[in-house]
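Remarks on the structure that follows.
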Amino acid sequence: GNQRPSKQADRNTVLSFVRMLERQNLLPCVIFILSKARINELAEGLNALDLTINKEKGLIREFITKCVGRLRGSDRDLPQIVFLKELMIRGIAVHHSGVLPLMKEVTEMLFEKGLIKLLLAT
């Protein structure tokens, strides 16, 4: 049949692929997945993956804080912003139609600077 691999299988495949690319100094990379839901599931399952060094973490944190600072107080703590900031600090980002426009822009700029090592996108 046309059964979809389990979330665990998806995650393990992506983890081993990204770790191989990292060993060969081939990051950053973009992985295209045609489902927003699968991207979000995968991103949530990559909590053990950390692709940035401390200096990069500082630069990412500073950049996001500056960009998100333009939002109104309570908007800065929206669950998506908190989640994406945590991901980005580890060099991972998601980009699809469900992502807030500000965070898509942040993702694009950090990717251009080479600070996002793994981008999951539709």
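The figures that follow rest on heavy atoms only: side chains count, while hydrogens, waters and symmetry mates do not.
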Handout entry: Transitive ILVMFWY side-chain link V106 to V82, under 4.5 Å
Key = no
Practice task
Find out if a path of hydrophobic residues (ILVMFWY) with successive side-chain heavy-atom gaps under 4.5 Å connects V30 to M103.
Solution key: yes
Practice task
Pick out which of K117, R19, K57 makes a salt bridge (charged side-chain N to carboxylate O under 4.0 Å, His left out) with D50.
Solution key: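 Of the listed options, the one satisfying the test is K57.
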Problem - Test log, rule side-chain contact (heavy atoms from CB on, under 4.5 Å), inputs K85 and T65 - result: CA-CA 9 Å; K85 181 177 180 180; T65 300; 3.5 Å; yes
Could you tell me which non-hydrogen atom of [X] sits nearest to which non-hydrogen atom of [Y], and how far apart they are?
| X | Y | answer |
| --- | --- | --- |
| C29 | F111 | O-CE1, 4.2 Å |
| L51 | L27 | CD2-CD1, 4.1 Å |
| A93 | T107 | CB-CG2, 3.6 Å |
| K104 | S97 | NZ-CA, 3.8 Å |
| I39 | A121 | CD1-C, 3.5 Å |

Problem - Non-hydrogen side-chain atoms of M20 and R23 separated by less than 4.5 Å - result: yes
Handout entry: Note, L102 side chain near R70 side chain (heavy atom, < 4.5 Å)
Key = yes
Between [X] (side chain only) and [Y] (backbone N and O only), is there a donor and an acceptor less than 3.5 Å apart?
| X | Y | answer |
| --- | --- | --- |
| E44 | E41 | no |
| R90 | L46 | yes |
| R76 | G69 | yes |

Practice task
For the pair L71 and L78, evaluate side-chain contact (heavy atoms from CB on, under 4.5 Å) and give the outcome as yes or no after the intermediate values.
Solution key: CA-CA 10 Å; L71 297 173; L78 289 169; 5.7 Å; no
Exercise for the section: Run the numbers on F17 and L21 for side-chain contact (heavy atoms from CB on, under 4.5 Å), then give the verdict. Expected result: CA-CA 6 Å; F17 180 64; L21 292 176; 3.5 Å; yes
Return the [atom1] to [atom2] distance between [X] and [Y], rounded to the nearest 0.5 Å.
| X | Y | atom1 | atom2 | value |
| --- | --- | --- | --- | --- |
| L119 | E108 | CG | CD | 9.0 Å |
| L118 | T52 | CG | OG1 | 12.0 Å |
| L34 | H96 | CG | NE2 | 12.5 Å |
| L110 | I116 | CG | CD1 | 5.0 Å |
| C67 | E105 | SG | CD | 7.0 Å |
| H95 | F32 | NE2 | CZ | 10.0 Å |

Handout entry: Test side-chain contact (heavy atoms from CB on, under 4.5 Å) applied to L100 and L84, step by step
Key = CA-CA 10 Å; L100 296 166; L84 293 177; over 6 Å; no
Practice task
Answer yes or no: does atom CG of L26 have more than 12 heavy-atom neighbours from other residues, nucleotides or ligands under 6.0 Å?
Solution key: yes
Exercise for the section: Using a strict cut-off of less than 4.0 Å between a Lys/Arg side-chain nitrogen and an Asp/Glu carboxylate oxygen, indicate whether E62 and K66 qualify as a salt bridge. Expected result: no
